[in-house]
Amino acid sequence: MRTGKSGYHQRGLERFFGPLEAKIMEILWAHPHQSIKDVQIRLEKEKDLNYNTVMTVMNRLLEKGILTKTMAGRTSMYSPVQSKAHFLESQSKEISHSLVEDFGPLVVNHMLDALDEADPQLLAKLEQKIKELKEGK
């Protein structure tokens with residue numbers, strides 16, 4: 001998703017988007033079907049942003065296939081292609097597969113080490129998945 005500087009040092013949505021892109025996506029996930037002006041007004045509550053800046057970023061997200069655009073009269077309305085949950089699911093799955101493919105056992109060991117801090121429900125889900133894999137499901 002994100003171009004330029006590597007996102008693995010970033011947290012949250014900034015792993016996938018630049019800071020302004022992430023804020024725009026948060027707005028559109030919470031309030032889909034918004035015009036550029038609608039988004040700019042919501043962003044201005046935090047920081048004064050030029051309309052053209054917001055338009056450029058939203059059109060970049062459109063070009064990347066993250067947003068869709070429909071017309072409401074003469075106004076372009078933007079919405080996310082995926083829900084936030086579905087986006088995070090697909091991106092985290094892609095990252096996980098890529099890490100395992102690139103680093104194999106090393107990344108699996110680090111993931112296992114991170115389980116020391118995992119909640120019991122996550123551990124139970126992992127145990128079930130391992131059981132299913134062993135049974136060939």
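Being a predicted model, the structure only gives us computed values, none of them experimental. Only this structure's heavy atoms are used, side chains among them; waters, hydrogens and symmetry mates stay out.
- Under the 4.5 Å side-chain contact rule for hydrophobic residues, Ile27 and Leu62 share a cluster.
- Leu43 and Tyr51 fall within the same hydrophobic cluster, defined by Ile, Leu, Val, Met, Phe, Trp and Tyr side-chain heavy atoms under 4.5 Å apart, directly or through other members.
- For the atom pair CG (Leu88) and CD (Gln82), the distance works out to 9.5 Å, reported to the nearest 0.5 Å.
- Placement of Val107 and Leu112 within a single hydrophobic cluster is found when ILVMFWY residues are connected by side-chain heavy-atom separations under 4.5 Å, directly or transitively.
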(message) Evaluate Thr53 against Leu20 for side-chain contact (heavy atoms from CB on, under 4.5 Å), listing each step before the verdict.
(response) CA-CA 10 Å; Thr53 301; Leu20 184 54; 3.8 Å; yes

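- Here the side chains of Ile24 and Leu61 are in contact, with some heavy-atom distance below 4.5 Å.
- Under a hydrophobic clustering in which Ile, Leu, Val, Met, Phe, Trp and Tyr are joined whenever their side-chain heavy atoms come within less than 4.5 Å, directly or via other members, Leu99 and Leu126 fall into the same cluster.
- A donor-acceptor pair under 3.5 Å is absent between the side-chain atoms of Asp113 and the main chain of His110, judged by distance alone.
- With rounding to the nearest 0.5 angstrom, the CD atom of Gln34 is 6.0 Å from the CE atom of Met77.
- Salt bridge Lys23/Glu14: absent, no basic N to carboxylate O contact under 4.0 Å.
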(request) Just do the side-chain contact (heavy atoms from CB on, under 4.5 Å) check on Met25 and Leu67 with the steps written out, would you? (result) CA-CA 9 Å; Met25 290 306 300; Leu67 296 179; 3.7 Å; yes

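- At a threshold of 4.5 Å between non-hydrogen side-chain atoms, the residues Val100 and His97 do not count as touching.
- Interatomic distance, OG1 of Thr56 versus CD1 of Ile36, reported as 8.5 Å (0.5 Å rounding).
- Rounded to the nearest 0.5 angstrom, Lys69 NZ and Ser76 OG are separated by 4.0 Å.
- Put simply, the residue from Thr68, Thr70, Asn59 that forms a side-chain hydrogen bond (donor to acceptor under 3.5 Å, both in side chains) with Tyr78 is Asn59.
- Checked by atom type and distance alone, the side chain of Ser90 pairs as donor or acceptor with a backbone atom of His86 at under 3.5 Å.
- Using the six-membered ring where Trp is involved, Phe87 and Trp29 have ring planes that are tilted, between 30° and 60° apart.
- Residue Arg74 holds its CZ atom at 8.5 Å from CE of Met71, rounded to the nearest 0.5 Å.
- Minimum heavy-atom separation, Phe16 to Gln91: CE2-CB, 3.4 Å.
- Remark: Gln40 CD to Asn52 CG distance equals 9.0 Å, nearest 0.5 Å.
- In terms of hydrophobic clustering, with Ile, Leu, Val, Met, Phe, Trp and Tyr side chains grouped at heavy-atom distances under 4.5 Å, Ile66 and Val81 are assigned to different clusters.
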(request) Walk me through it: do Glu21 and Met58 pass the test side-chain contact (heavy atoms from CB on, under 4.5 Å)? (result) CA-CA 8 Å; Glu21 288 176 327; Met58 287 177 68; over 6 Å; no

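- Considering every non-hydrogen atom in both Thr75 and Ser35, the closest pair reads CG2-CB, 3.7 Å.
- Annotation: side chain of Glu127 is not in contact with side chain of Lys131 (no heavy-atom distance under 4.5 Å).
- Ser96 contributes a side-chain N or O that, together with a main-chain N or O of Ser92, makes up a donor-acceptor pair within less than 3.5 Å.
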(message) Would Asn109 and Phe103 count as a side-chain contact (heavy atoms from CB on, under 4.5 Å) here? Give the steps.
(response) CA-CA 10 Å; Asn109 284 335; Phe103 302 106; over 6 Å; no

